[in-house]
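First comes the structure, then the notes that go with it.
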Amino acid sequence: MGRLVIVDHPLIKHKVTMLRDIGTGNKEFRELVEEVATLICFEATRDLPTVVVDVETPICKTTGYAIDAKIGIVPILRAGIGMVGGMLKLMPTAKVGHIGMYRDPETLQPVEYYCKLPVDSQDREIFVIDPMLATGGTASSAISYLKAQGVSKIKLLCLISAPEGVAKIQADHPEVDIFSASHDERLNSHGYIVPGLGDAGDRLFGTK
Ligand code: URA
């Protein structure tokens with residue numbers, strides 16, 4: 001089964017508390033989402049492969065390391081976009097794909113309405129990002145879509161996870177590790193995470 005890694009560093013816990021605060025405005029919310037994404041990214045990239053390289057310091061020749069992986073960042077529209085800048089701070093040469101999903105009102109099945117991935121996604125370590133892992137339905141469908149495109153190395157990064165969402169990903173995609181800044185109590189009857197932080201998309205983009 002995939003791991004659930006709670007990245008509960010004091011800096012993250014502090015920033016997540018600010019994100020939860022109803023008094024935090026859109027500008028600060030956006031900045032905090034990026035900062036927490038950067039901090040989670042640091043932990044989620046711990047097992048990236050490296051190669052030994054030669055390097056010349058001002059003192060002598062020695063050896064060092066270079067990341068030996070191609071990386072893709074795939075935000076799930078729309079709230080995932082808020083995490084992209086924070087991920088690119090640590091991985092500036094990563095390619096960014098996008099996946100948009102909606103729920104078909106008749107079948108209730110998630111359908112992708114927009115998807116643009118880096119052409120060589122199959123060869124990349126793919127980081128799927130979405131701030132809120134609630135029911136897990138959208139994230140699971142996005143991962144299924146990526147797998148159908150031949151992507152095999154996938155990690156899921158979120159800011160806040162609910163037990164229901166984690167259980168869904170672990171059942172549907174047992175090979176995918178989940179990295180989350182906070183694992184909250186439950187979902188409410190409207191599908192919002194409790195205590196959560198409200199609607200991440202609305203708070204990022206000021207749409208409410
Ligand atoms: N999406 C959000 O933006 N917030 C939640 O609590 C759940 C899903």
Side-chain angles (χ1 to χ4, degrees), residues 2 4-8 12-41 44 73-87 98-105 108-115 127-146 154-173 176 178-208:
L4 169 63
V5 180
I6 307 299
V7 194
D8 60 351
I12 296 184
K13 290 201 279 195
H14 180 95
K15 290 174 192 292
V16 166
T17 303
M18 293 170 75
L19 280 169
R20 292 190 195 280
D21 190 333
I22 193 173
T24 298
N26 304 131
K27 174 179 182 288
E28 199 181 359
F29 190 88
R30 267 197 299 275
E31 291 166 357
L32 286 162
V33 166
E34 282 210 0
E35 287 171 8
V36 177
T38 303
L39 294 167
I40 297 173
C41 178
I73 301 166
V74 178
I76 299 178
L77 303 179
R78 83 185 145 138
I81 288 174
M83 296 172 69
V84 172
M87 304 284 294
H98 295 85
I99 294 187
M101 319 274 307
Y102 73 90
R103 190 170 294 271
D104 184 300
L108 299 182
Q109 293 305 306
V111 181
E112 78 271 354
Y113 65 86
Y114 182 82
C115 184
F127 295 86
V128 176
I129 53 177
D130 196 355
M132 309 301 278
L133 179 60
T135 64
T138 308
S140 178
S141 298
I143 292 168
S144 297
Y145 181 85
L146 289 168
I154 302 173
K155 290 190 169 84
L156 175 62
L157 277 61
C158 57
L159 303 188
I160 301 197
S161 53
E164 294 88 337
V166 170
K168 170 102 182 130
I169 299 299
Q170 289 181 334
D172 294 354
H173 306 290
V176 171
I178 304 168
F179 295 82
S180 174
S182 175
H183 192 55
D184 279 12
E185 285 165 28
R186 61 185 171 88
L187 297 180
N188 69 14
S189 57
H190 302 288
Y192 281 93
I193 299 178
V194 179
L197 50 70
D199 189 302
D202 282 341
R203 296 193 65 188
L204 277 165
F205 301 117
T207 39
K208 218 176 210 172

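Both ligands and their constituent atoms are indexed starting at 1 by order of listing. Basis for what follows: all heavy atoms, side chains included, without hydrogens, waters or symmetry-related copies.
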Problem - Atom indices of ligand 1 within 4.0 angstrom of Ala200 heavy atoms, with elements - result: 2 (C), 3 (O)

Exercise for the section: Ignoring hydrogens and angles, tell me if any N or O in the side chain of Asn26 forms a donor-acceptor pair with the backbone of Leu204 under 3.5 Å. Expected result: no

Exercise for the section: May I ask you to decide if Leu197's main-chain N or O and Arg203's side chain share a donor-acceptor pair within less than 3.5 Å? Expected result: yes

Practice task
Keeping the roles fixed (side chain from Thr38, backbone from Glu34), state whether a donor-acceptor pair exists under 3.5 Å.
Solution key: yes

Exercise for the section: Could you find the nearest protein heavy atom to atom 1 (N) of ligand 1 and give me its residue, atom name and distance? Expected result: Met132 CB, 3.8 Å

Practice task
Rounded to the nearest 0.5 Å, what's the gap from OG on Ser161 to CD1 on Ile6? Could you check?
Solution key: 4.5 Å

Practice task
Please confirm whether Gly198 comes within less than 3.5 Å of ligand 1 when only nitrogen or oxygen atoms on both sides are compared.
Solution key: yes

Practice task
Measure from the side-chain N and O atoms of Glu164 to the backbone N and O of Thr135, and report whether any donor-acceptor pair falls under 3.5 Å.
Solution key: no

Practice task
Report yes if Ile193 has an N/O atom closer than 3.5 Å to an N/O atom of ligand 1; otherwise report no.
Solution key: yes

Handout entry: 4.0 Å heavy-atom contact, Gly191 with ligand 1
Key = yes

Problem - Side-chain donor or acceptor of Thr24 paired with backbone N/O of Met18 under 3.5 Å - result: yes

Problem - Structural part of Ala134 in contact with ligand 1, heavy atom criterion under 4.0 angstrom - result: side chain

Handout entry: Nearest neighbour in protein (non-hydrogen) for atom 5 (C) of ligand 1
Key = Tyr192 CD2, 3.4 Å

